[in-house]
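Each chain gets a letter, A, B and so on, in the order the sequences are listed, and its residues count up from 1. Side chains included, hydrogens not; waters and symmetry mates left out as well; all remaining heavy atoms used.
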Amino acid sequence: MVSEKRAGKDKTRRLTVDFYAQDVLFVAPALLGKILAVKRPSGEIMRHMITETEAYRGVEDRACHASKGKTQRTEVMFRRGGYVYVYFVYGMYWMLNIVTGPENEPQAALIRGIKGYEGPGRLTRALAIDGTFYGEDLTSSDRIWIEDNGYAAKYITTKRVGINYAGQPWVDMPWRFILTA
DNA sequence: TCATTGATTTCA
DNA sequence: GAAATCAATGAT
């Protein structure tokens, strides 16, 4: 797993492929409390704590976009964990997802909220995240990455939002994770 | 509870 | 080709 050896007293470090390659049901709640860092064209780096996520897991999960097979839009979800899956919905909003798991096992964690901007459409608008972020590699990109600050998050789980079309048993899976402390 | 808004998917 | 659908938000 990840080496705990640290240089100096700064505990913040960028998450590596070892983290993202794990199952989405581990990664999605583990992202809570971590820091989403986005670099603006101006060079300014914006950092926000992740407060809410949802898990989308594999071709059998009918709420997961990849359940309909590999398409131009879902291709990135079939890669190994650590890539960014961004898509446009309702004619207005970009959704930010983190690809997880091994190659050819399509999984992703939707970032539904960050501190100060609750809501998946609101956070992408606030951070100016759009389709140009599709396929960015969180382990090497110089404009988007996630940092671990060593914070041990507490959270609750609920049903996922906006996926009633998926039917049973997927609609009732407790795969939404909300930070509580 | 409804308008917004356009890419993606589904049905023909 | 056309029609329906949609990981949402904000105003009414």
Side-chain angles (χ1 to χ4, degrees), chain A residues 15 19-34 36 38 46 48-101 104-138 141 144-146 153 155-180:
Chain A
L15 290 169
F19 175 79
Y20 297 113
Q22 298 171 92
D23 193 280
V24 68
L25 294 182
F26 171 85
V27 176
L31 285 171
L32 297 173
K34 294 193 166 39
L36 174 65
V38 177
M46 304 168 61
H48 295 276
M49 180 180 287
I50 296 171
T51 59
E52 183 179 337
T53 64
E54 270 179 9
Y56 290 87
R57 188 168 186 271
V59 292
E60 69 273 11
D61 176 6
R62 291 188 47 219
C64 180
H65 290 167
S67 66
K68 290 166 185 158
K70 189 188 282 191
T71 66
Q72 184 173 20
R73 178 198 185 201
T74 63
E75 173 272 327
V76 73
M77 269 202 283
F78 288 79
R79 299 188 209 168
R80 64 143 173 83
Y83 288 96
V84 175
Y85 169 39
V86 175
Y87 69 93
F88 196 63
V89 74
Y90 296 127
M92 272 182 234
Y93 300 107
W94 293 99
M95 298 286 123
L96 173 64
N97 301 253
I98 310 303
V99 176
T100 69
N104 284 324
E105 194 163 314
Q107 304 181 347
L110 167 67
I111 307 299
R112 287 193 59 89
I114 58 176
K115 201 159 191 177
Y117 299 100
E118 294 293 332
R122 299 167 97 187
L123 75 90
T124 52
R125 192 174 59 192
L127 299 178
I129 289 170
D130 59 19
T132 66
F133 282 80
Y134 183 98
E136 284 281 325
D137 186 346
L138 290 165
S141 172
I144 184 169
W145 64 91
I146 298 175
Y155 62 90
I156 60 169
T157 64
T158 77
K159 292 195 269 189
R160 292 178 289 181
V161 174
I163 54 138
N164 287 339
Y165 64 89
Q168 296 291 353
W170 312 108
V171 67
D172 285 336
M173 288 293 182
W175 287 355
R176 179 185 182 203
F177 308 96
I178 304 171
L179 188 69
T180 55

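Residues A/V27 and A/Q22 come closest through the heavy atom pair CG2-O, 3.6 Å. Residues A/A55 and A/V24 share a closest heavy-atom pair of CB-CG2, 3.9 Å.
Per the geometry, CG belonging to A/N164 stands 20 Å off P belonging to C/dA4, to the nearest Å. A/Y87 has its OH atom 20 Å from the P atom of B/dT5, to the nearest Å. Between A/Q107 atom CD and C/dA7 atom C1' there is a gap of 16 Å when expressed in whole angstrom units. Taking atom CG of residue A/L123 and atom P of nucleotide C/dA8, one finds them 12 Å apart after rounding to whole Å. The OH-C1' distance, from A/Y165 to C/dA7, rounds to 6 Å in whole Å. For the pair A/M173 CE and C/dA7 P, the interatomic distance rounds to 18 Å; values are reported in whole Å. Regarding A/Y56, its OH atom lies at a distance of 12 Å from the P atom of C/dC6, rounded to whole Å. Between the P atom of C/dA7 and the CD1 atom of A/I129 lies a distance of 19 Å, rounded to the nearest Å.
At a threshold of 4.5 Å between non-hydrogen side-chain atoms, the residues A/L127 and A/I144 do not count as touching.
Using a 4.0 Å heavy-atom cutoff across all strands shown, A/R160 reaches no nucleic acid atom at all. Within 4.0 Å (heavy atoms only), A/R125 reaches sugar-phosphate atoms of the nucleic acid but no base atom.
With A/Y85 as the aromatic partner, A/R79 does not meet the cation-pi criteria of under 6.0 angstrom to the ring centre and within 45 degrees of the ring axis.
Without hydrogens or angle criteria, A/S141 side chain to A/L138 main chain gives no donor-acceptor distance under 3.5 Å.
Taking only distance into account, the side chain of A/Y90 never meets the base of C/dA7 through a donor-acceptor pair shorter than 3.5 Å.
In this model, the phosphate group of B/dT9 is approached by a side-chain N or O of A/R73 to a distance below 4.0 Å at OP1 or OP2. Remark: A/Y93 is not in phosphate contact with C/dC6, judged by side-chain N or O atoms under 4.0 Å from OP1 or OP2. At the phosphate of B/dT8, neither OP1 nor OP2 sits under 4.0 Å from any side-chain N or O atom of A/H65. Between B/dT8 and A/T71, no contact under 4.0 Å exists linking OP1 or OP2 to a side-chain N or O.
Of the candidates C/dA7, B/dT9, C/dT9, C/dA7 carries the atom nearest the A/N97 side chain, counting heavy atoms from C-beta on. When the nucleotides B/dA7, B/dT4, C/dA7 are ranked by their closest atom to the side chain of A/F88, B/dA7 comes out on top. Distances were taken from every side-chain heavy atom of A/K68 (C-beta onward) to each of C/dA8, B/dT10, C/dA7; the shortest belongs to B/dT10.
A syn base is found at C/dA7: its glycosidic angle is within 90° of 0.
In this structure, C/dA7 makes no Watson-Crick or G-U wobble pair, since no nucleotide meets both defining distances under 3.5 angstrom.
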